[in-house]
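What's counted below: heavy atoms across the whole structure, side chains too, no hydrogens, waters or symmetry copies. First listed ligand is number 1; within each ligand, the first listed atom is number 1.
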Amino acid sequence: MKKPIIFLVDDDPSVLKSVARDVKSAYRKEYRIMSTQSAVEGLEYLKELKTKGETVALFLSDQRMPEMLGVEFLEKAKEFYPEAKRILLTAYSDTEAAIKAINEVQLDYYLLKPWNPPEEKLYPVLNDQLDEWNSNYIPDFDGIKIVGYQWSPKSHEIKDFLAGNLVPYQWLDFETSEKGQELIELNNISSKDLPAVFFEDGSYLTNPETKDVGAKSGMSVEAKQKMYDVAVVGAGPAGLAAGVYGGSEGLNTLLIEKRAPGGQAGTSSRIENYLGFPNGLSGADLSRRAITQATRFGIEFLSPQEVKSIEIKDHYKILTLKDGAVVNAKAIIITSGVDYRKHPAKRIDEFTGAGIYYGAATTEANACQDQDIYIVGGGNSAGQAAMYLSKFAKNVYIVIRKPDLSSSMSQYLIDQIGGTSNIHVLGNTEITEVSGEEKLQKVKLKNNQTENEERKDAAALFIFIGAKPMTDWLDIEVIKDKRGFLETGPALIRY
Ligand SMILES: Cc1cc2nc3c(=O)[nH]c(=O)nc-3n(C[C@H](O)[C@H](O)[C@H](O)COP(=O)(O)OP(=O)(O)OC[C@H]3O[C@@H](n4cnc5c(N)ncnc54)[C@H](O)[C@@H]3O)c2cc1C
């Protein structure tokens with residue numbers, strides 16, 4: 001965690017040096033001491049510090065300075081850090097002005113120069129002020145901050161991307177978070193350019209592409225070599241396992257993932273049937289463990305990066321990546337998994353990312369607090385999502401075309417759902433239309449036996465209706481079945 005700052009301003013270099021020396025000797029363990037001779041420069045620093053998410057605990061400023069009076073500086077500093085303690089350093093002759101300022105602009109204290117010995121004249125005052133400041137201090141989040149509109153598809157995409165890549169972030173809803181609004185105003189960002197992503201070094205990107213957010217967060221999208229023993233396309237559980245075994249066998253292995261490690265499993269809130277985890281584990285935890293294991297064996301991992309095509313020349317396979325880069329491999333393992341099938345209800349595309357999500361239960365769970373939400377699908381992934389979301393939502397409705405879950409969901413999940421009072425299974429039901437203004441607000445339910453239709457309020461809709469293979473991009477001669485799955489093993493004998 002970053003240390004809070006004690007900020008010193010005095011135009012006289014010798015006074016500044018000695019006050020900094022005394023403050024450092026007593027407080028440097030718990031605070032970072034920053035000092036400047038220029039009040040104007042000081043205000044510039046404050047803007048930068050605020051953007052970087054740093055916290056100032058206390059300002060100590062000289063009163064008589066050529067650029068502006070200390071009182072004026074402290075007033076301006078308050079705009080950046082309203083909670084920080086503000087102390088004025090004055091000469092004896094300025095005492096009256098200092099007292100007046102304390103009353104007028106509510107400074108916390110004034111100190112007279114010289115402050116020797118500091119143990120008697122300086123530290124007791126600073127201790128008192130810092131104790132008070134600390135009693136109200138809630139440390140700021142250190143990592144990436146995203147400021148945007150809750151129902152913006154782009155905001156959802158970035159949150160989902162960072163969560164999938166195991167990068168911690170803080171979400172600040174522009175409409176409700178004062179801190180978010182402050183960051184946007186401070187950097188003169190127009191609300192039409194949201195979402196904005198702020199990084200630890202104080203820089204930010206507005207309305208960014210996920211690949212740019214990935215690059216700034218330290219993810220690697222460029223292969224280090226031109227030739228690999230084996231390239232693995234897709235880092236779901238299958239690709240991660242291939243990566244681990246490639247690496248452990250000493251093969252020079254490249255693992256390429258277009259979104260986030262873990263694939264579908266990475267989006268699961270709780271996987272209970274994975275070997276070796278008797279209490280179950282989240283998809284994020286599984287991905288974190290697998291990627292650590294694979295990289296420990298020395299594999300190279302590119303994410304977010306997509307393989308666009310494969311070409312075979314002599315004994316080599318040439319992979320072309322989304323950004324045009326080319327890598328060669330002696331062997332390729334394709335573990336590109338599947339992608340969600342689109343739900344056919346009317347207007348579904350309009351609200352995708354704005355209340356309607358394919359999978360992605362975990363990143364938007366907080367927004368479901370005390371609301372009625374819907375899940376479509378009767379498989380295990382839908383069941384896991386229902387269990388997870390039931391901790392946030394008022395009611396979770398599972399919509400399925402079949403009469404009940406018995407033919408499509410594991411019994412352990414059916415039992416858990418049966419024992420959760422705010423989950424309701426709507427059998428023989430379909431969603432035929434969705435509606436809303438800027439975000440999803442209602443779903444139209446149709447009973448496929450009675451043909452009855454009704455509209456219901458819905459804060460969110462999570463879709464888990466099966467998937468199609470992600471193999472369209474693959475145009476080399478490999479054998480696919482009629483649904484697009486790559487044939488492997490004994491199935492190849494048929495051809
Ligand atoms: C919400 C949910 C919960 C689940 N829960 C369970 C459970 O509890 N137990 C269980 O056994 N199974 C569960 N499953 C199923 C399980 O997750 C899948 O069977 C498993 O993820 C399949 O792994 P895979 O590696 O084959 O493919 P995927 O997981 O689909 O991964 C494929 C990866 O390849 C990437 N990719 C695709 N094309 C490219 C390309 N051209 N370039 C680069 N990368 C590419 C994709 O982005 C993706 O990350 C669940 C699935 C979901 C969606």
Ligand 1 atoms nearer than 4.0 angstrom to some heavy atom of G263 are 29 (O), 31 (O), 48 (C), 49 (O)
Please report the C-alpha distance between L321 and V221 in whole Å, then the side-chain angles of each, then the deciding distance to 0.1 Å, and finally whether the side-chain contact (heavy atoms from CB on, under 4.5 Å) criterion is met. CA-CA 10 Å; L321 309 182; V221 292; over 6 Å; no
Quick check: do Y357 and I463 have side-chain heavy atoms less than 4.5 Å from each other? no
Is NZ or CZ of K145 both nearer than 6.0 Å to the six-membered ring centre of F198 and within 45° of the ring axis? no
Any carboxylate oxygen within less than 4.0 angstrom of a Lys/Arg side-chain nitrogen, looking at K442 and D457? yes
heavy-atom search around atom 37 (C) of ligand 1 in the protein gives S336 O, 3.2 Å
Check each atom of ligand 1 against the heavy atoms of T267 and keep those under 4.0 Å away; list them by number with element. 1 (C)
Hey, which of E364, K439, E175 is the one that makes side-chain hydrogen bond (donor to acceptor under 3.5 Å, both in side chains) with Q150? E364
Please classify the Q305 to ligand 1 contact at 4.0 Å (heavy-atom distances, strictly less than): side chain, backbone, both or neither. backbone
Between the side chains of E433 and K446, is the shortest nitrogen-to-carboxylate-oxygen separation below 4.0 Å, so that they form an ion pair? no
closest protein heavy atom to atom 3 (C) of ligand 1 is Q384 OE1, 3.0 Å
Tell me the protein heavy atom at minimum distance from atom 25 (O) of ligand 1, and give that distance in Å. A238 N, 2.9 Å
Among all protein heavy atoms, pick out the one at the shortest distance from atom 31 (O) of ligand 1; state its residue, atom name and that distance to 0.1 Å. G236 CA, 3.4 Å
If we only count N/O pairs under 3.5 Å, is E257 in contact with ligand 1? yes
Side-chain donor-acceptor pair under 3.5 Å between E306 and W473, yes or no? no
Look at ligand 1 and say whether V233 reaches it with a heavy atom at a distance under 4.0 Å. yes
Just so I know, are the side chains of R289 and L281 near enough to count as touching, which here means a heavy-atom distance under 4.5 Å? yes
Under 4.0 Å from atom 12 (N) of ligand 1, is there any protein heavy atom? no
W473 heavy atoms within 4.0 Å reach ligand 1 at atoms 41 (N)
From A260, A265, G234 - option closest to atom 21 (O) of ligand 1 by heavy atom: A265
F464 N/O to ligand 1 N/O under 3.5 Å: no
Write out the residue and atom name of the closest protein heavy atom to atom 10 (C) of ligand 1, then the distance separating them to 0.1 Å. N273 OD1, 3.5 Å
For ligand 1, is any non-hydrogen atom under 4.0 Å from Y340's backbone (N, CA, C, O), its side chain (CB onward), both, or neither? side chain
I need the contact type for Y274 against ligand 1. Using non-hydrogen atoms and a strict under-4.0 Å cut-off, is it side chain, backbone, both or neither? neither
M470: numbered ligand 1 atoms lying under 4.0 Å from its heavy atoms: 37 (C), 38 (N), 46 (C)
Considering only heavy atoms of V338, which atoms of ligand 1 have at least one such atom less than 4.0 Å away? 30 (O)
Protein contact of atom 42 (N) of ligand 1 - nearest heavy atom, named by residue and atom, plus distance: V307 N, 3.0 Å
If you measure from each non-hydrogen atom of I271 to ligand 1, which part falls under 4.0 Å: side chain, backbone, both or neither? both
Parallel, tilted or perpendicular: which one describes the rings of Y274 and F277, with boundaries at 30° and 60°? tilted
If we number the atoms of ligand 1 from 1 as shown, the ones under 4.0 Å from a heavy atom of T335 are 32 (C), 33 (C), 34 (O)
With heavy atoms of I256 as the reference, note each atom of ligand 1 found under 4.0 Å away. 43 (C), 44 (N)
Distance, nearest 0.5 Å, that separates OH of Y374 from CG of L445: 5.0 Å
I'd like to check I144 versus P168 (side-chain heavy atoms, cut-off strictly below 4.5 Å). Are they in contact? no
What residue and atom, counting heavy atoms only, is the protein's closest point to atom 27 (O) of ligand 1, and at what distance? G337 CA, 3.4 Å
Quick one: do the N380 and Q384 side chains pair a donor with an acceptor below 3.5 Å? no
Between E300 and Y228, is there a side-chain donor-acceptor contact under 3.5 Å, judged purely by atom types and distance? yes
Could you tell me if any non-hydrogen atom of G359 lies under 4.0 Å from any atom of ligand 1? no
Is there side-chain contact between I417 and M409, with at least one heavy-atom pair below 4.5 Å? yes
Are any of the side-chain nitrogens in R347 or E350 under 4.0 Å away from the carboxylate oxygens of its partner? yes
Can you tell me which residue and heavy atom of the protein come closest to atom 52 (C) of ligand 1, and the distance to 0.1 Å? S381 CB, 3.6 Å
CD1-CD distance between I256 and Q305, expressed to the nearest 0.5 angstrom: 7.0 Å
For atom 29 (O) of ligand 1, tell me which residue out of R270, Q264, K258 has the closest non-hydrogen atom. Q264
Protein heavy-atom contact under 4.0 Å for atom 19 (O) of ligand 1? no
